[in-house]
Amino acid sequence: MDTSTTDYGHELLFGTFVTPVNNPSHQAVEQAVVADRADLDLVTFQDHPYVPSFHDTSTLLAYAAARTERIHLAANVTNLPLRPPAVLARSAATLDVLSGGRVELGIGAGAFWDGVVGMGGPRRSPGESIEALAEAIEIIRGIWDAGDRSRLSVRGQHYEVQGAKRGPAPAHDVGIWVGAYKPRILRLVGRTADGWLPSIQYLKDGVGELTAMNKHIDDAAVEAGRDPRRIRRFLNIGGRFSQRSTGFLQGPPDQWVEELTDVALTYGTSGFILASDDTATTQKYAAEVAPAVREAVAAERGRRPS
């Protein structure tokens with residue numbers, strides 16, 4: 001294990017990242033039910049409204065929430081350019097109320113711009129997309145603040161609301177989890193978000209990149225007067241169970257346990273979301289990996305000074 005460790009102390013969460021395919025029509029929902037019955041914490045779905053072979057993710061989340069009992073649900077991540085923030089805020093709050101407080105808001109600045117434009121959305125530069133995300137988060141939090149009886153007005157470069165009525169409030173403190181990789185948007189995470197949600201396949205040098213990326217978040221949080229420990233660190237992962245090890249998360253469950261424990265304690269990652277559309281893989285992950293990682297991390301934390 002790297003001797004330069006970071007552990008933000010969060011309770012560990014484990015979940016799945018399910019492809020929202022619409023053929024077979026109920027496959028994605030059934031995988032959400034599998035994750036729920038396996039006692040995982042999260043089920044998430046990618047949000048690509050321009051892909052005709054995918055369900056609309058906002059509708060899918062609502063249907064999956066009705067079919068599940070305890071698991072939390074989120075987009076991974078919401079396509080902001082095609083989801084107006086004031087409407088997105090009300091949609092998320094409504095589903096959170098209806099589900100008994102089981103909805104989180106994964107959100108991204110945007111990508112795949114040809115698809116976005118083809119669906120009538122804007123084409124934004126990287127800088128513009130980050131500006132728009134910052135404005136959107138301000139609007140979303142403002143709509144959720146139902147205790148404030150004033151009308152919400154935000155005049156931004158990309159989004160504007162003038163005198164919007166606030167509410168409804170979500171049933172619980174919905175986390176805003178941002179998918180981010182570059183320094184500028186990582187600093188935005190530090191200033192405004194509740195969580196960071198990257199995917200391992202976009203880390204060119206593997207998990208070792210998390211150290212520098214965490215630093216951007218932490219430094220920005222401190223500059224904004226926030227405790228970096230308020231920001232949960234997730235990681236979308238992929239892997240395959242097998243008898244023989246062939247690489248990171250490519251091997252038997254005990255290898256997965258060792259590797260994810262190391263990531264949790266070294267880089268402060270406390271949410272591991274496995275890309276899985278397979279019932280057996282999800283069940284093995286829930287039964288043989290998640291509890292063992294929790295136990296190993298708890299044991300190591302118990303040995304460390306406060």
Side-chain angles (χ1 to χ4, degrees), residues 44-50 56-62 65 72-99 101-113 115-180 182 184-197 220 224 231:
T44 70
F45 307 96
Q46 55 190 292
D47 182 29
H48 297 292
Y50 35 78
D56 170 69
T57 296
S58 61
T59 309
L60 175 60
L61 286 167
H72 282 232
L73 306 101
N76 191 349
V77 289
T78 301
N79 188 291
L80 176 62
L82 291 173
R83 310 276 185 194
V87 177
L88 175 61
R90 289 216 168 101
S91 173
T94 296
L95 187 53
D96 194 53
V97 170
L98 290 172
S99 67
R102 294 191 290 122
V103 170
E104 313 296 344
L105 182 58
I107 194 167
F112 305 104
W113 295 105
V116 170
V117 171
M119 289 288 286
R123 185 184 300 275
R124 292 175 178 148
S125 69
E128 290 170 340
S129 66
I130 296 171
E131 293 170 353
L133 177 59
E135 294 169 9
I137 291 174
E138 181 182 0
I139 291 169
I140 290 166
R141 293 200 189 280
I143 292 291
W144 287 346
D145 187 10
D148 187 339
R149 295 302 180 185
S150 68
R151 299 290 185 96
L152 176 65
S153 294
V154 175
R155 179 172 293 178
Q157 295 295 316
H158 307 278
Y159 296 112
E160 182 174 337
V161 293
Q162 292 296 325
K165 294 182 178 180
R166 301 174 190 260
H172 86 299
D173 189 9
V174 172
I176 296 179
W177 305 338
V178 175
K182 299 296 185 181
R184 183 175 173 184
I185 193 170
L186 290 170
R187 291 193 292 269
L188 174 64
V189 172
R191 292 192 303 271
T192 67
D194 304 302
W196 172 41
L197 186 54
I231 304 162

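Here the structure is a predicted model, which is why all the values come from computation and not from measurement.
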Flag the pair [X] / [Y] as yes when at least one side-chain heavy-atom distance between them is below 4.5 Å, and no otherwise.
X: Asp47; Y: Arg83; answer: yes
X: Tyr159; Y: Leu80; answer: yes
X: Leu188; Y: Leu133; answer: yes
X: Arg141; Y: Ile176; answer: yes
X: Glu104; Y: Val174; answer: yes

Please report the C-alpha distance between Leu88 and Ile107 in whole Å, then the side-chain angles of each, then the deciding distance to 0.1 Å, and finally whether the side-chain contact (heavy atoms from CB on, under 4.5 Å) criterion is met. CA-CA 10 Å; Leu88 175 61; Ile107 194 167; 4.0 Å; yes
Taking side-chain hydrogen bond (donor to acceptor under 3.5 Å, both in side chains) as the definition, give me every residue that meets it alongside Ser150, ordered by chain and number, with sequence neighbours left out. Asp148, Arg166
Applying side-chain contact (heavy atoms from CB on, under 4.5 Å), run through Val77 and Val178 and close with a yes or a no. CA-CA 8 Å; Val77 289; Val178 175; over 6 Å; no
Compare every heavy atom of Thr78 with every heavy atom of Leu105, then report the nearest pair and how far apart it is. CD1-OG1, 3.8 Å
State which residues pass ring-ring contact (aromatic ring centres under 6.0 Å, His included) with His48; sequence neighbours excluded, sorted by chain then number. Tyr50, Phe112
Can you tell me if [X] uses its side chain to pair, donor with acceptor, with the backbone of [Y] under 3.5 Å?
X: Asp96; Y: His172; result: yes
X: Ser99; Y: Leu95; result: yes
X: Thr44; Y: Ala74; result: no

Keeping to residues at least two apart or across chains, list the salt bridge (Lys or Arg N to Asp or Glu O under 4.0 Å) pairs with something in residues 115-129. Asp114-Arg123
